2 protein chains.
Amino acid sequence: MPPRLVSDTQLVDRLTDLFRSEGFEASSLNEIAKATGLQKSSLYHRFPGGKEQMAADVATAVTERFATEILAPLVGDGPLEERIREVGRNLDAFYEGGERRCLLDVLSVGHPGRAASSALADAGNGWVAVFATVARDAGADETTALARAQDAVAGIEGALVLARVTGDKAAFARAIDRLPDLLLGRAS
Amino acid sequence: MPPRLVSDTQLVDRLTDLFRSEGFEASSLNEIAKATGLQKSSLYHRFPGGKEQMAADVATAVTERFATEILAPLVGDGPLEERIREVGRNLDAFYEGGERRCLLDVLSVGHPGRAASSALADAGNGWVAVFATVARDAGADETTALARAQDAVAGIEGALVLARVTGDKAAFARAIDRLPDLLLGRAS
DNA sequence: GTCTATACGACGATAGAC
DNA sequence: GTCTATCGTCGTATAGAC
């Protein structure tokens with residue numbers, strides 16, 4: 001193992017922050033170098049595929065991070081509703097109450113390459129699938145479970161768009177709040 | 001009035017299509033020239049402010065078009081529910097069943113300039129305001145009317161994001177379908 | 001594995017003829 | 001009002017020393 005000034009995880013984390021706040025096209029290699037602390041040529045050593053590979057790796061990493069850090073409580077023990085509320089708190093922290101953008105949205109605008117696009121699709125489908133499992137555990141049949149899961153994710157994503165455009169984060173807070181009712185099929 | 005090869009409305013329409021499908025940063029002046037049929041220098045004659053002004057004008061135009069072509073039925077006559085359904089059909093046509101992106105989303109990723117960003121905020125707030133008026137007409141107080149309107153818009157925007165990322169347009173269809181129930185406060 | 005230096009094309013924007 | 005031609009800058013990516 002040769003020594004590395006910046007670890008792989010650090011590298012991907014910093015790339016994630018940059019891509020999320022600036023988008024793919026607007027993140028130039030100069031800014032990437034500044035944000036990561038590595039020179040451009042060093043970046044090509046770590047990511048031989050260039051910017052597109054960076055985006056793909058970021059998209060892949062966020063999928064894992066989402067599963068392990070955010071959605072993990074859903075596959076645990078305890079009352080289902082409480083576990084959903086915990087996921088809501090995780091999401092609220094992850095998106096900083098609606099202030100931060102979602103990579104699924106930001107990265108899919110523009111042309112981050114096939115690998116990244118496919119990784120984003122996996123991330124989106126994975127998120128929906130986890131929510132759908134919860135809804136099915138709550139008694140919903142396959143079709144309605146999928147619908148509830150998609151609606152829940154869409155509600156969050158849309159609220160983040162609204163927050164970015166208008167600055168109003170209220171819809172995001174509501175999207176998080178109604179998560180239990182929506183997934184458990186107790187829509188008010 | 002001097003003769004123009006491409007009318008102002010044609011110009012803005014073509015710019016709208018390009019920005020919506022490619023995003024702001026990815027729409028280069030060469031592609032803009034190709035899409036509009038004008039040379040780059042001619043474009044600077046029509047838009048002295050360059051790309052940023054193009055984005056701002058597009059954002060402003062889409063606000064008007066949304067009001068006159070999409071949301072118009074809401075300020076008309078007839079049963080409220082039927083008018084909402086008509087708006088739903090308009091939205092479904094406008095977004096081609098979830099296939100097309102939303103300018104509010106796409107253009108707000110990246111850096112289209114202050115004028116465009118402010119115009120986008122106006123567009124988003126205007127859309128919400130029209131929906132809120134409907135909800136208030138249906139008997140909701142100011143606060144819940146605003147909430148329902150934001151949730152309705154967010155549901156549509158999020159479904160469009162989901163459709164773009166995963167390719168599944170089902171959530172968009174549902175977001176349109178539940179528009180009447182949501183705005184009229186008959187959430188299922 | 002990281003660096004300095006550089007290649008070279010595409011970018012947004014402008015000059016000036018017609 | 002539109003064009004051809006061009007400017008300077010910044011983009012991604014590479015070469016080669018250490």
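None of the values given here were measured: they were computed from a predicted structure. Convention: sequence-line order gives letters A, B, ...; per-chain numbering from 1.
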Enquirer: With a 4.0 Å cutoff (strictly under), does any side-chain N or O of B/His45 reach OP1 or OP2 of D/dG1?
Expert: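 So the side chain of B/His45 is within the cut-off, an N or O lying under 4.0 Å from OP1 or OP2 of D/dG1.
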Enquirer: Measure CG/B/Leu29 against P/C/dG12 and give the value in whole Å, please.
Expert: 4 Å
Enquirer: Roughly, in whole Å, what's the span from CD in A/Gln39 to P in D/dA13?
Expert: 17 Å
Enquirer: If I take atom CG in residue A/Leu43 and atom P in nucleotide D/dT12, what distance separates them, rounded to the nearest angstrom?
Expert: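 For the pair A/Leu43 CG and D/dT12 P, the rounded distance is 11 Å.
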Enquirer: Just call it for A/Ser28: base, sugar-phosphate, or nothing, with non-hydrogen atoms closer than 4.0 Å on any strand.
Expert: sugar-phosphate
Enquirer: Give the rounded distance in Å between these two atoms: CD of B/Glu52 and P of C/dC11.
Expert: 17 Å
Enquirer: To the closest 0.5 Å, what do you measure between CG (B/Leu43) and CG (B/Leu11)?
Expert: 6.5 Å
Enquirer: Could you state the atom-to-atom distance from CD of B/Glu22 to P of C/dC11 in whole Å?
Expert: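 Those two atoms, CD and P, are 12 Å apart.
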Enquirer: Return the value, rounded to whole Å, for the distance between atom NZ of A/Lys40 and atom C1' of D/dA15.
Expert: 14 Å
Enquirer: Please state how far atom CG in A/Leu5 lies from atom P in D/dC18, giving the value in whole angstrom units.
Expert: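 Those two atoms, CG and P, are 19 Å apart.
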Enquirer: Anything under 30° is parallel, anything over 60° is perpendicular, the rest tilted; go ahead and classify A/Phe19 against A/Phe24.
Expert: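 Tilted: the ring planes of A/Phe19 and A/Phe24 meet at 30° to 60°.
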Enquirer: Whole angstroms only, please: what is the CZ-P distance between A/Phe47 and C/dT2?
Expert: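 Between P of C/dT2 and CZ of A/Phe47: 11 Å.
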Enquirer: If you measure from the Lys or Arg side-chain nitrogens to the Asp or Glu carboxylate oxygens, is any gap between B/Arg100 and B/Asp17 under 4.0 Å?
Expert: yes
Enquirer: Is the shortest side-chain N to carboxylate O distance from B/Arg20 to B/Glu99 below 4.0 Å?
Expert: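 Here B/Arg20 does not pair with B/Glu99 in a salt bridge, since their nearest N and O are not under 4.0 Å apart.
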Enquirer: With a 4.0 Å cutoff (strictly under), does any side-chain N or O of B/Asn30 reach OP1 or OP2 of C/dC11?
Expert: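 It does, given that an N or O in the side chain of B/Asn30 lies less than 4.0 Å from OP1 or OP2 of C/dC11.
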Enquirer: Closest-nucleotide mapping onto DNA chain D: is B/Gly37 or A/Lys51 further toward the 5' terminus? I mean the 5' end.
Expert: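 Going by which nucleotide is closer to the 5' end, it is B/Gly37.
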Enquirer: Ignoring the backbone of B/Arg4, work out which of C/dT2, C/dA13, D/dG1 is nearest its side chain.
Expert: D/dG1
Enquirer: Between C/dT14 and B/Tyr44, is there an OP1 or OP2 to side-chain N/O distance shorter than 4.0 Å?
Expert: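 No, no such contact exists.
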Enquirer: Could you check whether the side chain of A/Ser41 and the base of C/dC3 have a donor-acceptor pair of N or O atoms closer than 3.5 Å, going by distance alone?
Expert: yes
Enquirer: Are B/Arg164 and A/Glu157 ion-paired here, with the side-chain N under 4.0 Å from a carboxylate O?
Expert: no
